[in-house]
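Since the structure comes first, as structure tokens, the remarks are kept for the end.
Read the numbers this way: they start at 1 and go in the same order the structure lists the ligands and their atoms. Treat the numbers as computed from the prediction; the structure is a model and nothing was measured. As a basis for the values below, the full set of heavy atoms in this structure was taken, side chains included, without hydrogen atoms, waters or symmetry mates.
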Amino acid sequence: MSDWFREDLHPHYAQSHKVEEVYYDSKTEHQRLRVFRSGTFGRILTLDGVVQTTEGDNFIYHEMLTHVPILAHGNAKRVLIIGGGDGGMAREVLKHSAVEHVTMVEIDAGVVDFSKEYLPELSQGAFEDPRLNLVINDGALFMKETDDTFDVIIVDSTDPIGPGEVLFTDTFYGHAKRALTDGGILVTQNGVPFMQGDELTNTMRAFKALFADASCYLATVPTYAGGPMAFGWGTDGEARHVSVEVLQARFAAAGLTPDYYTPEVHKGAFALPGYVLTLMPE
Ligand code: SAM
């Protein structure tokens with residue numbers, strides 16, 4: 001690897017990270033997996049040339065895709081993570097002592113194995129938590145076949161290219177909806193709207209057809225370049241409208257000590273700027 005890693009996720013824009021040390025660079029069963037260290041973000045995991053997560057800023061992404069739906073729900077006991085092979089999502093979900101069971105469906109065992117070895121900071125022992133049930137499978141196949149139900153479903157997938165593509169389809173979303181309990185919430189990694197607006201529009205169109213409440217919320221994660229990232233939100237319940245006072249009480253009771261999430265940030269994240277609103281289907 002040259003002394004710069006260049007990410008070519010977008011057709012007319014690229015970002016580069018200076019490579020200080022390479023830990024792993026090879027093909028897994030499904031993807032090309034690289035782990036290297038950058039001076040700014042620490043260790044970085046890339047799959048098929050796309051930055052997946054970094055030691056430096058993963059807290060923003062993982063806190064916002066877990067604490068927002070779990071604290072909004074208020075009584076989440078069974079959580080499903082689709083993807084999430086680096087273990088960061090499981091780490092944050094398992095901080096909620098009221099969560100009794102987490103199923104994590106990751107297609108690529110190599111991502112789990114190499115993240116455990118080269119990025120232990122991400123999972124921080126989550127894979128050893130007795131509440132975690134790790135399933136190595138295609139998330140779309142699992143969603144189609146499962147008769148299990150979940151209070152919160154988190155799609156922590158790669159972008160809609162390669163193995164991740166099936167996780168952005170109406171069929172997958174329909175199967176996920178069927179697996180939600182009453183008032184259950186589906187949240188999704190939905191790209192950076194300024195760069196990947198179509199992704200958000202397509203997901204929101206599918207969510208609008210499936211859920212009484214289809215929306216998204218935002219957080220800026222520096223290595224997902226191009227501005228704030230969108231997280232898809234779908235539920236038939238009223239969880240998005242929970243007051244900040246209720247969130248403050250639930251947050252205090254959960255005893256979390258996050259570096260990004262606050263109840264006020266939670267509520268504010270759903271305030272969408274004009275250019276994102278225009279991406280939302282009528
Ligand atoms: N934070 C990253 C992002 O926003 O792009 C996602 C990180 S996580 C490493 C993405 C995971 O999704 C990878 O481990 C990848 O193997 C997994 N994945 C991709 N397609 C999948 C599928 N069809 N079923 C289950 N896991 C999948």
Side-chain angles (χ1 to χ4, degrees), residues 7 9-10 15 24 27-35 41 43-66 80-93 103-119 121-123 126-127 133-146 153-169 171-173 175-176 187-193 195-196 199-200 203 216 218-232 260:
E7 178 190 70
L9 172 61
H10 306 299
Q15 66 166 345
Y24 187 83
K27 281 280 286 170
T28 66
E29 187 189 344
H30 295 276
Q31 306 160 103
R32 180 180 177 185
L33 185 150
R34 284 183 270 193
V35 180
F41 291 93
R43 293 190 182 201
I44 296 180
L45 168 70
T46 73
L47 291 173
D48 289 342
V50 178
V51 171
Q52 294 301 306
T53 192
T54 82
E55 277 182 330
D57 68 0
N58 80 86
F59 68 95
I60 303 170
Y61 171 83
H62 291 122
E63 289 179 15
M64 287 302 280
L65 255 185
T66 53
L80 171 64
I81 300 169
I82 300 290
D86 53 79
M89 206 61 73
R91 175 195 80 217
E92 290 303 318
V93 171
T103 298
M104 177 174 155
V105 184
E106 163 59 53
I107 197 168
D108 194 333
V111 178
V112 174
D113 296 342
F114 293 111
S115 296
K116 276 186 192 172
E117 182 172 356
Y118 298 110
L119 283 166
E121 259 314 289
L122 263 291
S123 52
F127 290 111
N133 169 37
L134 174 62
V135 175
I136 299 300
N137 194 358
D138 176 344
L141 204 56
F142 173 89
M143 213 72 259
K144 180 171 174 247
E145 295 172 350
T146 188
I153 298 177
I154 300 169
V155 184
D156 176 19
S157 71
T158 44
D159 289 284
I161 40 181
E165 198 164 358
V166 288
L167 304 180
F168 289 80
T169 62
T171 305
F172 170 73
Y173 294 140
H175 291 148
V187 289
T188 57
Q189 179 283 95
N190 242 116
V192 174
M195 307 295 276
Q196 303 158 290
E199 259 179 61
L200 180 61
T203 297
C216 72
L218 304 177
T220 298
V221 185
T223 41
Y224 303 146
M229 162 175 239
F231 305 107
Y260 186 87

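Looking at heavy atoms from C-beta onward, Ile161 lies in side-chain contact with Leu9 at the 4.5 angstrom threshold. Under the 4.5 Å side-chain criterion, counting only non-hydrogen atoms from C-beta, Asp159 is in contact with Gln189.
Residue-ligand proximity: Val166 is placed with a non-hydrogen atom under 4.0 Å from ligand 1. Residue Ala140 places no heavy atom under 4.0 Å from ligand 1. Heavy-atom separations between Phe142 and ligand 1 are all 4.0 Å or longer. Contact analysis leaves Leu141 out of contact with ligand 1, as no non-hydrogen atom separation drops below 4.0 angstrom. Under the 4.0 angstrom criterion for non-hydrogen atoms, Gln31 is in contact with ligand 1.
Judged purely by distance below 3.5 Å, without hydrogens or angles, the side chains of Gln52 and Asp86 never pair a donor atom with an acceptor atom. Side-chain atoms of Thr53 and Asn58 include no donor-acceptor pair closer than 3.5 Å.
Listed by number with element, the atoms of ligand 1 under 4.0 Å from a non-hydrogen atom of Asp138 are 22 (C), 23 (N), 24 (N).
Residues passing the salt bridge (Lys or Arg N to Asp or Glu O under 4.0 Å) test with Glu63, sequence neighbours excluded: none.
Compare Thr28, Ile107, Thr53 by their heavy atoms: the one nearest to atom 25 (C) of ligand 1 is in Ile107.
Glu106 OE1, 2.6 Å is the protein heavy atom nearest to atom 14 (O) of ligand 1. At the shortest separation from atom 10 (C) of ligand 1 among protein heavy atoms lies Asp156 O, 3.3 Å.
Using cut-offs of 30° and 60° for the angle between ring planes, the Tyr224 and Tyr61 rings count as perpendicular.
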